[in-house]
J.: 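Mind looking over this structure? Questions follow.
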Amino acid sequence: MARGRQRRRIVEDEDNEEELVGQSGLEGGVDTEANAQPLVAGTPERGDKVIKRARQADITELLGAYSPKAAPGGKSEAVSSAVQEANGSSTETGNAAPAEDGDVEARPSQTHTATKRTCRSRSAAVGTAETSEADDTAASGLFTALATSDLEPRAATTWSAGTPVPYAFLAAAFERMSNTMSRIELTQQLCDAFRCIMESTPEDLLPAVYLVINRLAPAHEGLEIGVGDALLLQALAAATGRKLALLKEQYRQTGDLGDVAAHSRTTQRTMFSTPPLTVRGVYHEFLCIARASGRAMQEEKKRRIQKLLVSAKELEAKFLARALQGKLRIRLADKTVITALAAAFVWYGDAARGHAPPAAVRIESSTLLLKRVYNECPSWNRIIDTLLQLRDIDERLAEHCRLTPGLPVLPMLAKPCKSVAEVLTRLEGVPFSCEYKYDGERAQIHRVADGRFHIYSRNCEDHTGKYPDLAAQLPRALRAALADAQFILDAEVVAYDRDAKRTLPFQQIQHRARKNVLLDDIKTRVCLFAFDLLYLDGRSLTRCPLAERRRLLRDTFQVVPGEFMFAESSDLIDGEHIQEFMDEAMRHSCEGLMVKALDGAHSTYEPANRTQNWLKLKKDYLSGVGDTLDLVPIGAYYGRGKRVGWFGSYLLACYNADTETFEAVTKVGTGFSEEQLAELYQQHSTHVLEAPRPYYAYSEQTRPDVWLETWQVWEIQCADLSLSPAYLAGMSHVQEGKGISVRFPRLVRIRNDKESEEATTSEQLVEMYVAQFQHATRAEEEEGSEAVTEDEEGDA
DNA sequence: GTGTCCAATTCGC
DNA sequence: TTCTGACACATTCGG
DNA sequence: CCGAATGTGTCAGAAGCGAATTGGACAC
């Protein structure tokens, strides 16, 4: 299985199928034996990665300074330890008032973990030992609501225990959820649905969870549905016998393929009846669709979708279509699922033991535990498997689903900041560090037991095959004493010019093939800029402070110029220096800065959370600093989903004064308020053209749904200018056959003071494009040979 | 059969 | 990646 | 002192460019 994991679809499918099908009970058999095994063995699945107890003790000691506050009394040992564990990350000192027995529910904010603190009054929070902190999901209202329910799972199910859960049950739940506005209610509904399933047919829980989050398998397995609008519409046409063009038109009007499918369904009702769809059946069918490959793959996918749709009732068809399109639109994602699942398991466990309704506090601590576990082990297969056997959420879950090299961790993300001042207020009174934010690709690098490396992308996709050069370079970066170390490293891969000793633009790295790259074929070299260490030889470091992680990082690795370097960083104090450092970063072709809490309880690694702890500062966030263009809308596209009835995006052009043409530069679909969107639709509807003006320059790939007159000018903010095969602005002026476009366009405002001929010109665009590179070049000249600095070089 | 091109899809930012 | 909007919660303000 | 107003964080769901990949269609 370990072998199979690093390859993709075709060959490994056999293995995967067994794994998925087995665990989800899709083959009918409940398969408990296979499932029971890992629990006993201590480490599910890849059994060889047992973490040594002794090592674990080390880390506990290391974390001693951040010891948990007292857990609330009167709780089961298991839950207490869960709370302790979770609390470990957030309490700076042990001086919080000891929790008393009694009505814990009344003051949940004291007992739950504040893995992330609220930012507003950090100084105050420090002063009061942070007892008033609230977690993101620590809405007492939420947990109280989840703890009160009169659901009788058995009575609420329409199917008998042990039989497959009908897909209609899920579809009905989806429909209900997409109509409830309140998040609390929504979570409650999801919780109820999960409870019904696990009380009656627990083996359907895993496929149900996958259908809810609309994924097929853990991200690193790389299983994708591979169905887009086009194919789906074809299948729909075939299943209902309606004209493709008609369906397309309907899609345009409703913006929702689900509605189209549901509607088509009713018009073409049954000639013969098919067996009802089941949750496991639909999930299994999705798997098959995802795995279809080779000759006539599209046909097969289409056939299977068709089959599903034919068997589907109205609501079922709606959500099947949405699921296949990847837009379930039930207003919930991972975090909500975690909360609902945690609550459901508390109820489930209590039901088994004949307890009274669960207390809000226990649901809260279970949610935090589950969240933590999911962060470090994002595999629902593994988690649900374990939970079903434990029939409870407690520390044993964390034991079985822990950080393991070979299983990617959700990466920590940063919050955008609009100014240096904002950074300072957010990090007031906390030591912090600034790092260059390199313009490359995030990489999480794992060294597993057999000494090999696995490289994962920001989305936990396996990119090992994309960077064989990194795997070859890495051993040189490990210090001799730690040559065999297992680790998980967080870093940025950046295209690098070794002769000039400088980083290259993002477009270079984007150019690399995605899989099966051979060392000899590599043209663009790559340098790794490491900035964090999450795991080292059996120890999870995610709850160490950044200063500590960074120390370990530098103790473990050494700089190899041009191959492995540490992200340039500086532990500064005031805003003045931040600005200076930012300018310096820009001169080194970086995107900006990352600012991170360095020490204390708030500097831990919080996977997947955009916390205050990591802030990102980019020049184009800063108002009036980044590149701004004045462009003219010349076309528009119909909106979908939320944007039905309006234009969802517009095609924008610059003005070529020489040829007196408007040349398409980019589309823009973000930056406007809903109100603005509605207004713009109104306004531009009255300026629609039958056909494009002869002086519009565009390529077929960007042909809009409607053409517009040139009567407005919009100010557009962007991050960079890029060379484009799809846009004709400044065509061939910089590179033969390429035009100029922009990265991350968004609307800033409407320039009512400008005529369309006063828009940014093609010439100006070319100048701006060229200027981008002069910055870096000039910086290099000024700094001489020291263009690349490594503060660690002498250290190596 | 083989090669070439296009359209659709996914995924990086 | 970018952005906005809705919700839930916590704090502050005002009668 | 309590309710209203305000501020903040989280989450979901709109939307962008460019590149690689892959199947299908078509020419040779």
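Every chain is numbered from 1 and lettered A, B, ... according to where its sequence line falls, protein lines coming before strand lines.
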J.: Is it the case that B/dT10 (base atoms only) and A/R514 (side chain only) share a donor and an acceptor within less than 3.5 Å, ignoring hydrogens and angles?
T.: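 Such a pair is found, so the answer is yes.
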J.: Going by the salt bridge (Lys or Arg N to Asp or Glu O under 4.0 Å) test, name the single residue among A/D620, A/D627, A/D720 that passes it with A/R743.
T.: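 That would be A/D720.
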J.: Under 4.0 Å, counting only non-hydrogen atoms across every strand here, what does A/L328 touch: a base, just sugar-phosphate, or nothing?
T.: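 Since no nucleic acid heavy atom lies under 4.0 Å of A/L328, the category is nothing.
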J.: Provide the closest heavy-atom pair for A/P745 versus A/I716 in the form atom of the first, atom of the second, distance.
T.: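 Minimum heavy-atom contact is CB-CG2, 4.1 Å.
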J.: Hey, does the side chain of A/T670 come within less than 4.0 Å of D/dG16's phosphate (OP1/OP2), counting only N and O?
T.: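 So the side chain of A/T670 is outside the cut-off, no N or O lying under 4.0 Å from OP1 or OP2 of D/dG16.
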J.: Does A/R640 or A/A513 map to a spot on DNA chain D nearer the 5' end, using the closest nucleotide for each?
T.: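 Between the two, 5'-proximity favours A/R640.
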J.: Report which part of the nucleic acid A/K301 touches: base, sugar-phosphate, or nothing (heavy-atom distance under 4.0 Å, all strands).
T.: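 Answer is nothing: A/K301 stays at 4.0 Å or more from every strand.
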J.: D/dA20 P sits how many Å from A/Q508 CD, rounded?
T.: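 Computing the A/Q508:CD to D/dA20:P distance gives 11 Å.
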J.: Below 4.0 angstrom, N of the basic side chain to O of the carboxylate: do A/K318 and A/E175 qualify?
T.: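 Judged by the 4.0 Å cut-off on N to carboxylate O distance, A/K318 and A/E175 do form a salt bridge.
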J.: Looking only at side-chain N and O atoms, does A/K642 come under 4.0 Å of OP1 or OP2 in D/dG13?
T.: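 Negative; the distance criterion is not met.
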J.: What nucleotide, of D/dC11, D/dA14, B/dA8, holds the atom closest to the side chain of A/A230?
T.: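 Nearest to the side-chain atoms of A/A230, counting from C-beta on, is B/dA8.
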J.: Can you tell me which nucleotide in C/dT1, B/dT10, D/dG13 comes closest to the side chain of A/F744?
T.: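 So the nucleotide nearest the side chain must be C/dT1.
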J.: Taking only N and O in the side chain of A/H511, is any of them less than 4.0 Å away from OP1 or OP2 of D/dA20?
T.: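 For D/dA20, OP1 or OP2 has a side-chain N or O of A/H511 closer than 4.0 Å.
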J.: At 4.0 Å (heavy atoms only), tell me whether A/A296 reaches a base, stays on the sugar-phosphate, or touches nothing.
T.: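 Sugar-phosphate, backbone atoms only, no base.
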J.: What's the OH-P distance between A/Y727 and D/dG18, to the nearest Å?
T.: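 Value for this atom pair: 7 Å.
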J.: NE2 of A/H684 to CG of A/L708: how many Å apart, nearest 0.5 Å?
T.: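 So the gap between those two atoms works out to 6.5 Å.
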J.: Under 4.0 Å, counting only non-hydrogen atoms across every strand here, what does A/K437 touch: a base, just sugar-phosphate, or nothing?
T.: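 The residue A/K437 makes no contact with any strand.
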J.: Under 4.0 Å between a side-chain N or O of A/S182 and OP1 or OP2 of C/dC7?
T.: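 A/S182 to C/dC7 OP1/OP2: no side-chain N or O under 4.0 Å.
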J.: Taking any heavy-atom pair under 4.0 Å as a contact, classify A/L332: base, sugar-phosphate, or nothing.
T.: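 The answer is sugar-phosphate, as A/L332 gets under 4.0 Å only of primed atoms, P, OP1 or OP2.
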J.: What is the distance from CG of A/L233 to C1' of B/dA7, rounded to the nearest Å?
T.: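 Going from A/L233 (CG) to B/dA7 (C1'), I get 15 Å.
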J.: With heavy atoms under 4.0 Å as the rule, sort A/L723 into base, sugar-phosphate or nothing.
T.: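 If one applies the 4.0 Å heavy-atom cut-off, A/L723 turns out to touch the sugar-phosphate alone, with no base involved.
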J.: Tell me whether the OP1 or OP2 atom of D/dT22 has a side-chain N or O from A/K515 closer than 4.0 Å.
T.: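 Result: yes.
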J.: State which of B/dG12, D/dG9, D/dG18 makes the closest approach to the side chain of A/R426.
T.: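 Closest nucleotide to the A/R426 side chain: D/dG9.
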J.: Does OP1 or OP2 of B/dG12 have a side-chain N or O of A/S457 closer than 4.0 Å?
T.: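 So the side chain of A/S457 is within the cut-off, an N or O lying under 4.0 Å from OP1 or OP2 of B/dG12.
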J.: Under a 4.0 Å threshold between the charged nitrogen and the carboxylate oxygen, would A/K642 count as salt-bridged to A/D256?
T.: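 A/K642 and A/D256: not salt-bridged.
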J.: Pick from A/K619, A/K437, A/K616: which one makes a side-chain hydrogen bond (donor to acceptor under 3.5 Å, both in side chains) with A/E591?
T.: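 In the set A/K619, A/K437, A/K616, the residue that makes a side-chain hydrogen bond (donor to acceptor under 3.5 Å, both in side chains) with A/E591 is A/K437.
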J.: Regarding A/L231, tell me which of base, sugar-phosphate or nothing describes its non-hydrogen contacts under 4.0 Å with the strands shown.
T.: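 Sugar-phosphate only.
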J.: Answer yes or no: does a side-chain N or O of A/R746 lie under 4.0 Å from OP1 or OP2 of C/dT4?
T.: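 No, outside the criterion.
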J.: Report the residue (A/T702 or A/G641) whose heavy-atom-nearest nucleotide on DNA chain D is the more 5′ of the two.
T.: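 Comparing both residues, the 5'-ward one is A/G641.
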J.: Among the candidates B/dC13, C/dT2, B/dC11, find the nucleotide nearest to the side-chain atoms of A/R458.
T.: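 Nearest listed nucleotide: B/dC13.
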J.: Nearest of D/dG16, D/dA19, C/dC7 to any side-chain atom of A/R183?
T.: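 Of D/dG16, D/dA19, C/dC7, C/dC7 is nearest to the side chain of A/R183.
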J.: Between A/S649 and D/dA15, is there a contact of a side-chain N or O with OP1 or OP2 at under 4.0 Å?
T.: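 No, no such contact exists.
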J.: Starting at atom CZ of A/R643, determine the distance to atom C1' of C/dG5, rounded to an integer number of angstrom.
T.: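 So the two atoms are 11 Å apart, to the nearest Å.
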J.: Across the strands shown, which category fits A/K618 at heavy-atom distances under 4.0 angstrom: base, sugar-phosphate, nothing?
T.: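 Sugar-phosphate only.
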J.: Given C/dT2, D/dG18, B/dC13, identify the nucleotide with an atom nearest to the side chain of A/E441.
T.: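 Selected nucleotide (nearest to the side chain): B/dC13.
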J.: If only side-chain N and O atoms of A/K616 are considered, is one of them under 4.0 Å from the OP1 or OP2 phosphate oxygen of C/dT2?
T.: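 Indeed, a polar side-chain atom of A/K616 lies that close.
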J.: Check every strand shown and say whether A/Q510 touches a base, only sugar-phosphate, or nothing at a heavy-atom separation below 4.0 Å.
T.: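 A/Q510: base contact, heavy atoms under 4.0 Å.
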J.: Can you name the closest pair of heavy atoms from A/F529 and A/V494 and give their distance?
T.: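 For A/F529 versus A/V494, the nearest heavy atoms are CD1-CG2, 3.6 Å.
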J.: Rounded to the nearest Å, what distance is computed from the CZ atom of residue A/R215 to the P atom of nucleotide B/dT10?
T.: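 After rounding, the gap between these two atoms is 14 Å.
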J.: If only side-chain N and O atoms of A/Q507 are considered, is one of them under 4.0 Å from the OP1 or OP2 phosphate oxygen of D/dA19?
T.: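 True: A/Q507 side-chain N/O within range (under 4.0 Å) of D/dA19 OP1/OP2.
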J.: Measure CD/A/E224 against P/B/dC11 and give the value in whole Å, please.
T.: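 Between P of B/dC11 and CD of A/E224: 4 Å.
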J.: Among A/H454, A/R514, A/E441, which residue meets the side-chain contact (heavy atoms from CB on, under 4.5 Å) test with A/H463?
T.: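 Output: one option passes, namely A/E441.
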J.: Give the rounded distance in Å between these two atoms: NZ of A/K415 and P of C/dT2.
T.: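 Those two atoms, NZ and P, are 12 Å apart.
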J.: What integer distance in Å separates A/L232:CG from B/dA8:P?
T.: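 The distance from CG of A/L232 to P of B/dA8 comes to 14 Å, rounded to the nearest Å.
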J.: Between C/dA8, D/dG16, C/dA6, which one does the side chain of A/M181 approach most closely?
T.: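 That would be C/dA6.
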J.: Using the C1' atoms only, state how far B/dA7 lies from C/dT4, rounded to an integer number of Å.
T.: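 Each nucleotide's C1' atom is 32 Å from the other's.
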